[in-house]
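Working notes, beginning with the structure itself.
Every value quoted in this text rests on a predicted model; they were computed, and no experiment measured them.
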Amino acid sequence: MNIIVCIKQVPETTEVRINPETNTLMREGVKSIINPFDMYAIEEGVRIKEKSGGKVTVLTMGPPQAETALREALSLGADEAILLSDRAFAGSDTWATSYTLACAIRKIKDYDLIVCGKQASDGDTAQVGPGIATHLDIPQVTYVKKIEEIKDKTVRVERMTEEGYEIIESGLPVLFTVVKEINSPRMPALRGLMRAKSAKIIHWTHKDLEANAENLGLGGSPTQVVKIFTPLPRPSGEMLEGDVEVIARKLADILNKEI
Amino acid sequence: MPIQVIVEKCTGCTMCVKVCPFDAIRIMDKKAVINLDKCNLCGACEPACKFKAIFLEKPEASIRKQDIGQYRGVWVFAEQKRGKVQPVVYELLGKARELAASLGTEVSAVLLGERLEEEVQELIWRGADKVYVAERLELANYQDEPYTNVIVELINKYKPEIFLCPASSVGRSLISRVAIKIKAGLTADCTELAIDKDKKILLSTRPAFGGNIMATIVSPDYRPQMATVRHKVFPESLTDMKRKGKIIRESFDGRLLNSRTRLLDIVDEIEQTVNLSEADIIVAGGRGLRAPENFRLIEGLARSLGGAVGASRAAVDSGWMAYSHQVGQTGKTVCPKIYIACGISGQIQHLVGMQSSKVIIAINSDPYAPIFKVANYGIVGDCLEILPVLTKNLREVLRK
Amino acid sequence: MDYLLTEEQKMIRDLCRQIAREKIAPVAAEYDKTEKFPHGIIKLIAESDLFAVFVPAEYGGTGGGVLDLCIATEELSCACGGIAVCYAASALGTFPIVLFGTEEQKKKYLPDLAKGKTIAAFGITEPEAGSDASAIKTTAVKKGDHYILNGTKHFITNGGEAGVYTVIAMTDRTKGARGASAFIVEKGTPGFTFGKKEEKMGIRASITSELIFTDCKIPKENLIAREGMGFIVTMKTFDMSRPGVAAQALGIAQGALELAVKYSRERKQFGKPISGFQGIQWMLADMATKVEASRALVYAVARMLDSGNTGVAKESAMAKLFASDTAMQVSTDAVQILGGYGYMRDYPAEKYMRDAKITQIYEGTNQIQRNIIALQLIKEMAKL
């Protein structure tokens with residue numbers, strides 16, 4: 001079973017703060033982490049490999065410093081890591097990003113399963129996973145919460161829905177996007193960290209991919225950002241004071257009014 | 001060089017530095033310098049520069065649709081489950097009517113499924129001028145490939161200029177595939193949709209970076225312009241039983257219905273209370289409740305308000321509540337009319353999941369808890385004392 | 001302070017810090033309350049290769065040294081001194097094999113211990129032999145290819161949970177301390193049972209129990225080194241492990257310090273955070289200075305040992321003495337800074353204080369440490 005896990009390096013949102021004076025984003029010193037949802041994808045990929053053999057390749061597109069994210073994935077049990085980094089990829093929206101990742105996966109060629117996190121915590125679009133599957137023309141199952149069985153080129157999984165879940169069977173290759181419920185990611189091990197530190201990361205640019213340049217980067221992206229602004233902060237609220245009875249009565253009145 | 005600072009024009013005023021969400025611009029020797037390794041070409045700096053000193057090269061789209069003018073009308077994907085159109089669809093129809101009015105065009109709903117007669121009528125009453133209906137047994141339940149194929153077929157045939165879709169587990173999976181296949185611009189989870197009066201294009205505004213910034217996104221050169229919207233962001237359109245509309249029944253090649261995945265079963269899990277994303281009122285509990293059994297206070301209040309029960313990640317990770325109740329970044333994003341946070345400190349990961357609620361009430365013993373920054377009403381105190389009294393008072397008030 | 005750690009040591013530090021914060025801190029109070037052995041956490045520590053750091057590379061370890069062990073113990077202790085001691089006590093039980101074991105013994109036991117498949121324990125203390133190791137009553141009598149063990153060890157950390165025990169027993173009582181020998185005893189050996197499980201003041205996540213030997217027959221291959229070497233094995237083992245106890249104390253002190261600083265910034269009285277009051281600031285400054293001084297001493301001793309320096313009895317004793325006295329003071333001050341909350345079980349301050357106390361007592365009370373230091377000091381002076 002050859003598994004490809006697609007990951008993204010994102011800013012740790014807990015540390016993204018708004019400068020109250022200029023009302024702008026303060027990214028100074030913000031740590032970069034692996035998108036939290038991708039941690040479940042890595043873990044699931046590694047678990048499948050541990051059970052049924054094969055290897056796990058992690059793939060990311062990003063600036064050169066995204067190598068850190070790949071090394072972390074290697075320390076968690078991935079076997080190979082590929083970084084797609086090129087000025088030509090800059091400005092990619094979800095269309096161009098999934099196109100570029102799909103081109104890289106085509107180059108990897110030998111794969112049975114692609115696992116992605118359900119969405120990235122910085123963009124929250126949930127579009128890149130299905131986008132990759134569509135570019136590759138393979139089936140997908142989104143919001144996978146459990147892999148029930150993998151048997152001879154078919155898999156049966158549970159897909160989370162608003163009301164519960166669906167049981168879906170698919171042939172291979174297939175792309176999954178996974179939710180938090182699927183596993184609890186392991187801690188890295190010391191040996192893994194040591195191995196990851198010295199591991200070789202494969203770097204690909206657009207020249208390494210058989211990609212149509214018209215589909216890459218800003219030019220290949222159907223969407224454009226025209227404006228970025230900070231939302232108006234919520235007006236400061238009212239603090240209710242007094243003893244428990246008084247507060248409870250005030251609150252009951254407020255609720256009664258709002259309902 | 002896709003982005004450049006025109007040095008002669010730059011005054012080093014730092015406006016661009018402040019708006020850059022990627023921390024890619026520095027002022028060196030009183031001129032802006034862009035670090036291309038960090039720059040994402042997002043374009044935020046260009047309009048921010050009062051001196052027009054930033055030049056962002058926007059490549060001509062070579063596969064630009066020559067026939068953009070042929071694309072007319074606003075479409076809404078009428079998601080149905082078990083034969084019932086989902087309420088979010090009526091919210092989208094309301095917004096679609098506004099957009100169509102600014103463009104002087106009509107609104108269509110597209111409904112895939114099986115035996116949907118009554119639903120078709122309801123879509124018209126709720127604002128659709130036309131309803132495209134594809135009824136086949138294979139379309140009874142959502143499946144990625146048949147749904148994608150049929151929608152792509154209809155878009156290519158009828159060429160809508162705008163296509164709106166619920167940001168649900170179905171909608172997000174479907175529309176991402178459709179957008180790739182027809183190469184269209186798609187903006188997820190929009191909180192505002194409007195029409196640029198001059199260019200007659202869709203302006204889609206959405207939060208990014210966990211709601212810390214808002215971005216307005218356009219797709220001027222591709223059609224349809226696609227967007228998804230979460231449930232409860234827009235108000236539902238009202239039913240007008242006098243409205244008339246056209247029903248267009250579609251037939252198509254059966255090969256479009258082939259699927260490489262097979263839906264074996266649909267399992268609905270019985271929730272203690274209503275579905276979180278549907279709920280108008282959510283009462284949520286966190287670690288401040290101190291013990292799992294105290295969640296019954298939350299449930300009690302939720303019951304008397306007819307609301308749903310939510311939980312912070314801390315409460316879920318401690319095993320006090322099931323993951324399906326988790327609100328926040330790794331749980332559900334909710335947008336109820338009233339959100340009552342009890343004993344939840346309000347870590348940013350929680351806030352991003354609930355801060356768009358209309359009214360937020362927070363009860364926490366720590367007066368400096370971040371939850372109070374987003375709360376409309378705050379109470380510093382112990383939930384275990386306040387909740388029982390509140391529930392009792394509320395029952396009395398509601399009885400009147 | 002930059003301690004010029006190697007890349008690997010930094011990895012150990014960061015990994016242990018992550019485990020401590022994410023996995024141990026949330027459950028520390030629960031284990032403290034229930035006094036149950038933390039199987040889940042020990043498994044996690046094993047899966048993270050941390051039991052490998054004190055085992056040579058040729059036997060499945062990562063080949064780290066005493067400093068690596070100290071760094072791991074310190075970081076784990078920051079979150080829970082009890083859980084950290086389960087880990088450190090396994091190192092203590094493993095060292096006799098690493099230092100004096102035969103090739104066969106090393107091959108047999110070390111790979112599994114490095115993987116954390118099983119953990120180790122060290123058994124010397126007896127009801128009547130604490131600081132005075134020569135008073136040991138447990139006997140080992142050679143009979144053909146076997147030794148027969150009889151006697152009782154008590155206060156044994158990891159007792160009952162460990163799979164491998166290194167036990168000191170008398171092979172020749174007439175020779176006093178020179179009649180002691182060290183043996184490896186596996187859990188499950190007939191005649192080897194566990195007695196009373198102690199209820200403790202602190203480090204309650206660790207198990208402390210009696211080892212009872214009743215005509216327990218072990219193969220003669222399980223003798224470590226030679227007969228009569230038991231006391232040497234013990235002393236050399238303690239030389240290696242004493243910085244570990246110091247590191248445990250250091251971690252407890254660091255945890256208490258961090259808690260006190262954090263709390264003083266959040267707690268407001270008279271309209272401002274109490275960290276704004278000089279009385280609190282001076283306390284915090286003294287606490288932090290002592291913690292840093294402990295760290296400098298502990299790391300320096302660990303480095304001496306790792307460089308092959310064996311004459312470190314005095315320095316090792318100093319590190320243990322100073323770090324454990326610091327842990328006691330700093331954790332007591334932390335309770336003071338937290339005030340009423342510090343005294344309540346809902347907050348971790350009082351646990352740090354209870355956990356700290358044992359570090360002044362075990363592996364040689366601080367009075368014994370002072371004896372060692374003074375003796376060495378006077379000896380050195382006499383040589384001049």
- Task: Please flag which part of A:T125 lies under 4.5 Å from any non-hydrogen atom of chain B: side chain, backbone, both or neither.
- Result: both
- Task: Pick whichever of A:I247, A:I138, A:N256 has the most heavy-atom pairs under 4.5 Å with chain B.
- Result: A:I138
- Query: Quick one: of B:G185, B:S219, B:S168, B:S169, who has the most non-hydrogen atom pairs under 4.5 Å with chain A?
  - Reply: B:S169
- Has the side chain of B:R206 got a donor or acceptor atom that lies under 3.5 Å from a matching backbone atom of A:G123? yes
- Note on the structure: The interface call for A:E158 against chain B, heavy-atom contacts under 4.5 Å, is neither
- Without swapping roles, check the side chain of A:R249 against the backbone of B:L390 for a donor-acceptor pair under 3.5 Å. no
- Message: Looking at A:D137 and B:K181, is there a salt bridge between them, counting it only when a charged N and a carboxylate O are closer than 4.0 Å?
- Response: no
- Hey, what do you get for CD (A:E163) to OG (B:S324), rounding to the nearest 0.5 Å? 12.5 Å
- Distance (rounded to the nearest 0.5 Å) between A:T94 OG1 and B:I180 CD1: 6.0 Å
- Query: Using non-hydrogen atoms only, which part of A:A133 is less than 4.5 Å away from chain B: side chain, backbone, both, or neither?
  - Reply: both
- Message: Can you tell me which of A:Q140, A:M160, A:M239 forms the most heavy-atom pairs within a distance under 4.5 Å of chain B?
- Response: A:Q140
- Measure distances from A:Y143 to the heavy atoms of chain B and classify the residue's part below 4.5 Å as side chain, backbone, both or neither. side chain
- Message: Walk me through whether B:I361 and A:L255 qualify under side-chain contact (heavy atoms from CB on, under 4.5 Å).
- Response: CA-CA 10 Å; B:I361 297 167; A:L255 285 170; 3.7 Å; yes
- Message: To the nearest 0.5 Å, what is the distance between OH on B:Y377 and CG on A:L251?
- Response: 9.5 Å
- Item | Residue selection (most heavy-atom pairs with chain B, distance under 4.5 Å) from A:P36, A:G164, A:P222 | A:P222
- Query: Taking atom CD of A:E162 and atom NZ of B:K81, what is their separation to the nearest 0.5 Å?
  - Reply: 4.0 Å
- What option among A:S184, A:P63, A:A126, A:G217 has the most heavy-atom pairs under 4.5 Å with chain B? A:A126
- Heavy-atom closest contact (B:G331 atom, A:K118 atom, distance): O-NZ, 3.9 Å
- Interface check, chain B: of A:T223, A:T154, A:D93, most non-hydrogen pairs under 4.5 Å belong to A:T223
- A:E166 pairs by side chain to side chain contact (heavy atoms under 4.5 Å, CB included) with which of B:L263, B:D265, B:T261, B:N141? B:L263
- Note on the structure: When rounded to the nearest 0.5 Å, the distance separating CZ of B:R177 from CD1 of A:I132 is 11.5 Å
- Message: Checking the side chain of A:W95 only, and the main-chain atoms of B:A179 only, is there a donor and an acceptor separated by less than 3.5 Å?
- Response: yes
- Message: What I'd like to find out is whether the side chain of A:P139 reaches to under 4.5 Å of the side chain of B:E145, using heavy atoms alone.
- Response: yes
- Item | Flag, side chain of B:S176 to backbone of A:G131, donor-acceptor distance under 3.5 Å | no
- Query: With side chains defined as the heavy atoms from C-beta onward, is the minimum distance between B:I379 and A:E241 less than 4.5 Å?
  - Reply: no
- Task: Pick one of side chain, backbone, both or neither for B:I340, based on which atoms fall under 4.5 Å of a heavy atom in chain A.
- Result: side chain
- Query: Under the 3.5 angstrom rule, does the side chain of A:K227 hit a backbone N or O of B:P47 as a donor-acceptor pair?
  - Reply: no
- Note on the structure: CG of B:D189 to CD of A:Q127, rounded to nearest 0.5 Å, is 8.5 Å
